[in-house]
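The structure appears right after this line, and notes come after that.
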Amino acid sequence: QVQLVGSGGGLVQAGGSLRLSCAASGRTFSRNTMGWFRQAPGKEREFVAAINWSGDSTYYADSVKGRFTISRDNAKNTVYLQMNSLKPEDTAGYYCAARLGGGSQVDARSYAYWGQGTQVTVSS
């Protein structure tokens, strides 16, 4: 079983930056597609970014494209989300997730394991 621990959230002003980290354990980590999702209170969980097992393929939601960058370091069992030019609408709990098997990489239902979430708040 894959275990994920997310960290790095905080309070920033609009236009600022944060880097989220997701530390993973489990021998299958390097074979997992990893994703970041976010969820604001009362709203549905939303896809943010995904990266394949080798780190050579990434995919982003249109709302964050050009501002966020997902990366992974399999030697450190860690996935990152660099968030630049943050906007108030980026405010949400951010969750890293591991996808095993098929399904859409942008669909939360395709991901089997989830971190506890880290809060990102962007003030205006």
Side-chain angles (χ1 to χ4, degrees):
Q1 187 174 353
V2 177
Q3 299 181 78
L4 308 174
V5 179
S7 63
L11 173 64
V12 298
Q13 294 186 33
S17 298
L18 285 172
R19 188 183 74 162
L20 307 184
S21 298
C22 178
S25 62
R27 67 183 186 89
T28 63
F29 169 77
S30 64
R31 294 294 183 178
N32 295 139
T33 292
M34 301 296 296
W36 285 96
F37 292 77
R38 64 188 182 187
Q39 188 169 25
K43 300 190 69 175
E44 190 172 294
R45 187 161 295 188
E46 176 188 28
F47 170 77
V48 176
I51 186 167
N52 75 337
W53 68 270
S54 63
D56 61 0
S57 181
T58 58
Y59 192 77
Y60 299 92
D62 288 342
S63 60
V64 306
K65 195 173 299 181
R67 300 188 297 122
F68 292 9
T69 302
I70 188 172
S71 61
R72 69 190 298 166
D73 186 340
N74 289 340
K76 296 182 178 179
N77 298 136
T78 303
V79 179
Y80 305 96
L81 185 69
Q82 179 66 46
M83 306 185 295
N84 299 326
S85 301
L86 283 162
K87 306 174 181 179
E89 48 263 47
D90 295 319
T91 296
Y94 282 71
Y95 299 83
C96 61
R99 172 176 171 266
L100 277 68
S104 174
Q105 64 182 342
V106 306
D107 188 344
R109 294 171 295 182
S110 298
Y111 290 76
Y113 303 102
W114 294 83
Q116 85 283 5
T118 183
Q119 179 66 34
V120 172
T121 302
V122 184
S123 65
S124 59

Donor-acceptor contact present, side-chain [X] to main-chain [Y], <3.5 Å:
{"X": "T118", "Y": "Y94", "result": "no"}
{"X": "N32", "Y": "M34", "result": "no"}
{"X": "S110", "Y": "S104", "result": "yes"}

Sequence neighbours excluded, the answer for side-chain hydrogen bond (donor to acceptor under 3.5 Å, both in side chains) partners of R67 is D90
Flag yes if [X] and [Y] sit in one hydrophobic cluster, no otherwise; membership is Ile, Leu, Val, Met, Phe, Trp, Tyr, and two members link when side-chain heavy atoms are under 4.5 Å apart.
{"X": "W114", "Y": "I51", "answer": "no"}
{"X": "I70", "Y": "L100", "answer": "yes"}
{"X": "W36", "Y": "Y95", "answer": "no"}
{"X": "V12", "Y": "V64", "answer": "yes"}

Identify the heavy atoms of [X] and [Y] that sit nearest to each other, and give their distance.
{"X": "R72", "Y": "N52", "answer": "NH1-O, 2.9 Å"}
{"X": "Y59", "Y": "V106", "answer": "CE2-CG1, 3.4 Å"}
{"X": "L4", "Y": "C22", "answer": "CB-SG, 3.8 Å"}
{"X": "A92", "Y": "A40", "answer": "CB-N, 3.9 Å"}
{"X": "D56", "Y": "S54", "answer": "OD1-OG, 2.6 Å"}

Look up atom [atom1] in [X] and atom [atom2] in [Y], then write down how far apart they are to the nearest 0.5 Å.
{"X": "T91", "Y": "Q119", "atom1": "OG1", "atom2": "CD", "result": "7.5 Å"}
{"X": "F68", "Y": "T58", "atom1": "CZ", "atom2": "OG1", "result": "14.0 Å"}
{"X": "S71", "Y": "R19", "atom1": "OG", "atom2": "CZ", "result": "7.5 Å"}
{"X": "Q3", "Y": "N77", "atom1": "CD", "atom2": "CG", "result": "12.0 Å"}

Would you please classify the geometry between the F37 ring and the Y111 ring as parallel, tilted or perpendicular, with 30° and 60° separating the classes? perpendicular
What pairs of donor and acceptor atoms, side-chain ones from residues 79-88 against any protein atom, are under 3.5 angstrom apart with sequence neighbours left out?
from : atom 1 : to  : atom 2 : distance (Å)
Q82  : NE2    : N84 : OD1    : 3.0
N84  : OD1    : S17 : OG     : 2.9

With D62 via side chain to side chain contact (heavy atoms under 4.5 Å, CB included) - residues at least two apart: K65
S7: what forms a side chain to side chain contact (heavy atoms under 4.5 Å, CB included) with it, not counting sequence neighbours? S21
Going by the salt bridge (Lys or Arg N to Asp or Glu O under 4.0 Å) test, which pairs reach into residues 4-14, not counting sequence neighbours? none
Let me have the donor-acceptor pairs involving side chains of residues 43-50, under 3.5 Å, with sequence neighbours excluded, atom names and distances please.
from : atom 1 : to  : atom 2 : distance (Å)
R45  : NE     : Q39 : OE1    : 3.2
R45  : NH2    : Q39 : OE1    : 3.1
E46  : OE1    : R38 : NE     : 2.9

